[in-house]
Amino acid sequence: MPTIEIRGLTKRFGNKVVLDGLDLTVPGGRNTVVIGGSGTGKSVLLKCVLGLLRADEGEIRIGGEDVMKMDERELVRVRRRFGMLFQGAALFDSMNVEDNVAFALRRLHKYPERQIRNVVEEKLAMVGLYNIQSLMPSELSGGMKKRVGLARAIASEPEILLYDEPTTGLDPIMADVINELIIRLRVSLGVTSISITHDMKSAYKIADHIAMLYKGKIIEVATAEEIRHSTNPVVSQFVEGRAQGPITAEHEEFIRFVRRGGGSGVQEEQ
Amino acid sequence: MADERKKNGISLVLEHLGTTAYRMVEELGNVFVLFLQCVTGLVRPPSEFRNIMKQMEEVGIRSLPVVLVTAMFTGMVLALQSWSGFQRFQATHFVGSVVALSITRELGPVFAGLMVSGRVGAAMAAELGTMKVTEQIDALVTLATNPVKYLVLPRVIAATAVLPVLVIFADFVGILGGYFVAVYLLGANPYLYVNKTYQYLTFTDIYTGLIKAAVFGFLIALISCYNGFNAEGGAQGVGRATTRAVVASSMAVLVSDYFMTSFMF
Ligand SMILES: Nc1ncnc2c1ncn2[C@@H]1O[C@H](COP(=O)(O)OP(=O)(O)OP(=O)(O)O)[C@@H](O)[C@H]1O
Ligand SMILES: [Mg+2]
């Protein structure tokens, strides 16, 4: 299964640097979980890997081929190897659940039309959903949308799966069903995957490796056990979910600055 | 001091004009690139036949009522106006010809184009814009589908093919509206009126109008899809894209109408 190697990846929006020379190796047939604060660029990272966003610098090698050097046509070929679950599910809201899940199967003529129904049913069962094929996305709850999105991502049996917060918005039991599914896909099909999550319980459960994204770089990659006992103060603050620590220190300084009366100086300037 | 401010003002205006002109040229270029992508999409499998049929229904059947009502009243008001004008030199028997020529050559296609800009252009921009900001277009890309081929091409083909058909109906209903007003309200001789309607109307008048309609349909769909595709930032962005689509496609209808008229006749 293909390995993903990311070297020196840089992505800016205007003059805001989101990814700043990021390095990450995602070993083939393994699940790498990326953790990091809200707005640090985790979703942007996944979109760069798929070529949905063009990164500014760096290289992204998928099984040795550099995606950054590809034109749109070659990208299409590479993208067929991927499945992606979007953070907001991104279901097609003009189609019912069945058409959503079957979308790629029909486009790629992967199965004869007769079989597609069964495949859709099977994929929906894998994410714990039954008899909802004829519902429209607007009739689903947030967690159901997420799971339909997941069923759609795995429908064409891709080699590489990118999950953007697969368990967010699910109840603890359903979250664990999804965790098991992610593990099963990796173990039985050998899928290479990158998952993004804020849910440390899920991260520890599904990860072969955990990578922490902070200020545009991966600051630590290690196994779940090592991350849990990391000596890096940034990592340990994050995984333990403490309000005090280096990540929030900058904000605190600002709050103290305002409290001290430094705020009035700012107002005078305006 | 005052001098300096004046100079600043002028250079500011010039700068603004410059960037506006630059943006316009850039956007025209982008719309053209979108067109080229449609052309390449046309030759590559899979064919989007079903999608095209769905869009034809959307553009054609759903727009028919509004286009017909517009055409009907245009024909009616034309009859009224030209009657009151031609009465002054006893030429009311020409009203039939005036209505028929104006509707087929000019008003049928242009009004249909403007109504479709408002109805279909807005719908296309809003739909594609929403898909853009909710990442549905990104999702299409990850599902081995070229969004230009899947979304833009069927809309452009459907609008180009359907608008002339709408205009055939509009021409007919418009002329009929003129007939009713002239004959039943103004007391024109029905035989003379029908006779004059046919007498000066040539096949060229009709088919140039239909060519115009096809071009309008093409421009409306292309411009509206372009604006939808480039929507950014939530509901507000979709709203902005929709407004821009309607304004730009209406202007494109009027501007291209002038140039086509000056080249074709
Ligand atoms: N299309 C865009 N244009 C401009 N800025 C963007 C765009 N997409 C993302 N950003 C910026 O990039 C940064 C990272 O966004 P991203 O969505 O990757 O965050 P994230 O790590 O996924 O956060 P979360 O955990 O909340 O989903 C944000 O500050 C966001 O403002
Ligand atoms: Mg995100």
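Letters A, B, ... mirror the listed sequences (proteins, then strands); counts begin at 1. For clarity, every value in this text was computed on a predicted model and none was experimentally measured.
Residue-environment remark: CD (E139(A)) exceeds the threshold of 12 foreign heavy atoms within 6.0 Å. Atom CZ of R106(A) has more than 12 heavy atoms from other residues, nucleotides or ligands within 6.0 Å. For E26(B), the CD atom is densely surrounded, since the number of other residues' heavy atoms within 6.0 Å is greater than 12. Heavy atoms from other residues, nucleotides or ligands lying under 6.0 Å from CE of M95(A) number more than 12. Residue-environment remark: CZ (F172(B)) stays at or below the threshold of 12 foreign heavy atoms within 6.0 Å. In the displayed structure, E232(B) atom CD is contacted under 6.0 Å by at most 12 heavy atoms of other residues, nucleotides or ligands. Within 6.0 Å of CZ in F13(A) there are more than 12 heavy atoms belonging to other residues, nucleotides or ligands. At most 12 heavy atoms of other shown residues, nucleotides or ligands fall within 6.0 angstrom of atom CZ in R114(A).
Distance check: E72(A) CD to Q37(B) CD gives 8.0 Å after rounding to the nearest 0.5 Å. Taking CG of D93(A) as the reference point, atom OG1 of T134(B) lies at 6.0 Å (rounded to 0.5 Å). The CG atom of L108(A) sits 7.0 Å away from atom OG1 of T145(B), with the distance rounded to the nearest 0.5 Å.
A donor-acceptor pair is defined here as one N or O able to donate and one able to accept, closer than 3.5 Å; no such pair exists between the side chain of E135(B) and the backbone of F86(A).
Exactly one of L143(B), T142(B), D138(B), V141(B) qualifies for a side chain to side chain contact (heavy atoms under 4.5 Å, CB included) with M84(A). That residue is T142(B).
Contacts with chain B were tallied for R107(A), Q87(A), R79(A); R107(A) has the most, counting heavy-atom pairs under 4.5 Å. Note on L52(A), L91(A), V76(A): by heavy-atom pairs under 4.5 Å with chain B, the leading option is L52(A).
There is no contact between R77(A) and chain B, counting heavy-atom distances below 4.5 Å. When heavy atoms are compared at a cutoff of 4.5 Å, R80(A) approaches chain B solely by way of its side chain, counted from C-beta outward. Residue R73(A) touches chain B through its side chain alone, counting heavy-atom pairs closer than 4.5 Å. Neither the backbone nor the side chain of L75(A) comes within less than 4.5 Å of any heavy atom in chain B. Using a 4.5 Å cut-off between heavy atoms, L140(B) contacts chain A through both its backbone and its side chain.
In terms of heavy-atom proximity, A90(A) sits nearest to A139(B) at O-CB, 3.7 Å.
Ring centers of Y150(B) and F92(A): at least 6.0 Å apart, outside the cut-off.
Among residues two or more places apart in sequence or in another chain, the side chain to side chain donor-acceptor pair (under 3.5 Å) test is passed with R30(A) by none.
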